[in-house]
Amino acid sequence: MLNTALSSFGAQVVLATSSDENHPPESMIDGNTETFWLSTGMFPQEFIIRFPDNMKISVISVHSFNVKRLRIEKSTQTDAEKFEVIAEKEFEQTEGNLQTNEISLDGSNATHLKFLILSGYDHFVSVHKVGIQA
Amino acid sequence: MVKLRARCILVGDAAVGKSALSQMFSSDGSHIQKNYSMTAGVELLVKSVNIPETSDSVELYIFDSAGRETFVETCEKMWGQPSVVCVVFEISSLDSFKSCSRWLERVRAHCNGLQLPGVLVGNKSDLASRREVETSVAQEWAQEQGLQYHETSAKEMENCDAPFLSLAQAFYALYQDRRQMIQRLG
């Protein structure tokens, strides 16, 4: 399921702190690493993904570029509220190819995932794909 | 259409006209400061700049920082990670020009090695009769440092938009460059 587009089973990006119409937030959940969401300046940056149901999540995969510090929070509410931190990680810098990272979780449930990009290796960072494994 | 956001750090010696310049710019000339009032901390001004011939814009978050040495340390804590820098001196004070390299280094120290587009501004161009810094000298130093040079007079409302427009354009160019680079990776 890590390779399946999150959007194909009803996931949505309900908030993103940057928007370039050429690089909409939906590019992160279309399963394609060629399309991407691009931050448009300053940190932190944030986006929230909502799932149609409560999802059991054991692994989150992120394809990105120049992301440095990333914090992931989850909510189990119907609305995007009451988030709790589930992971924080510093990604390694890459040159000429995307950063690919997998973050293992304890298989807990979530209705929303919040991604907070706290810092970057450049002024602008991109996220190409977010995948999850139940 | 895209709206970029840039953290613009405004520095330079005390009383060279940083606040007057940034207020003139952010109020479109409607806010004229007649009397000097010293900035003790950091004042934040926000203004959006349209990029000519596009529907894109850059929102500048201008951190107008105190020039007085006593306050500098406190100010630095609020700079965060700068996107662009604006270093100001007054053309009628050689000392204020000499301080520019120190100001620039201070801001660069917060950049974690990131490229920092910037401008050098020679303010108080209305005081031409008391000029202590020649345009060519300032221009040359700016070029060495990779900065664009502008002369302004906040008092006479002369050219005050130019430095900020130039910062917005430089940041926008950086964005387009990175965007194309990332596009090739995907």
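Note on naming: letters A, B, ... go to the chains in the order of the sequence lines (proteins, then strands), and numbering restarts at 1 for each one.
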Interatomic spacing from NE2 in A:His23 to CZ in B:Arg179 - rounded to 0.5 Å:
4.0 Å
Short side-chain donor-acceptor distance under 3.5 Å, B:Tyr175 and A:Asp20
yes
Is it true that atom NZ of A:Lys89 has more than 12 heavy atoms of other residues, nucleotides or ligands lying nearer than 6.0 Å?
yes
Apart from A:Phe83 itself, members of its ILVMFWY cluster (side-chain separation under 4.5 Å) are A:Val14, A:Leu15, A:Ile48
Tell me, for A:Asp122 versus chain B, whether the close heavy atoms (under 4.5 Å) come from the side chain, the backbone, both or neither.
both
Checking heavy atoms, do the side chain of B:Arg7, its backbone, both or neither come under 4.5 Å from chain A?
both
With a 4.5 Å cut-off on side-chain heavy-atom distances among I, L, V, M, F, W and Y, is there a chain of contacts connecting A:Leu113 to A:Val85?
no
Chain A-proximal positions within residues 139-171 of chain B [heavy-atom distance under 4.5 Å]:
B:Phe171
Chain B contact via A:Asn32 - side chain, backbone, both or neither, heavy atoms under 4.5 Å
neither
To the closest 0.5 Å, what do you measure between OG (A:Ser18) and CZ (B:Arg5)?
6.0 Å
OG1 of A:Thr94 to CG of B:Leu185, rounded to nearest 0.5 Å, is 7.5 Å
Do B:Leu45 and B:Leu4 share a hydrophobic cluster (ILVMFWY, side-chain heavy atoms under 4.5 Å, transitive)?
yes
Distance, nearest 0.5 Å, that separates CG of B:Leu174 from CZ of A:Phe124:
5.0 Å
Separation between CG (A:Leu38) and CD (B:Gln183), nearest 0.5 Å, reads 9.0 Å
For the hydrophobic clusters of this structure (ILVMFWY residues joined by side-chain heavy atoms under 4.5 Å, transitively), does one cluster hold both B:Phe71 and B:Val11?
no
For the residue pair B:Ser83 and A:Met42, what are the closest heavy atoms and their distance?
OG-CG, 4.3 Å
Between A:Ser119 and chain B, which part of the residue has a heavy atom less than 4.5 Å away: side chain, backbone, both or neither?
neither
Are B:Val42 and B:Ile9 connected in a single hydrophobic cluster, I mean Ile/Leu/Val/Met/Phe/Trp/Tyr linked by side-chain heavy atoms less than 4.5 Å apart?
yes
Would you say B:Arg68 has more than 12 foreign heavy atoms packed within less than 6.0 Å of its CZ?
no
Taking atom CD of B:Glu73 as the centre, does the number of heavy atoms from other residues, nucleotides or ligands within less than 6.0 Å exceed 12?
no
Beyond-backbone contact of A:Thr40 with B:Lys3, side-chain heavy atoms, under 4.5 angstrom:
no
Does CE in B:Met38 sit with more than 12 non-hydrogen atoms of other residues, nucleotides or ligands closer than 6.0 Å?
yes
Find the distance between NZ (A:Lys68) and CD (B:Gln81) and round it off to the nearest 0.5 Å.
8.0 Å
More than 12 heavy atoms of other residues, nucleotides or ligands under 6.0 Å from CD of A:Glu95: is that the case?
no
Are B:Val85 and B:Leu114 connected in a single hydrophobic cluster, I mean Ile/Leu/Val/Met/Phe/Trp/Tyr linked by side-chain heavy atoms less than 4.5 Å apart?
no
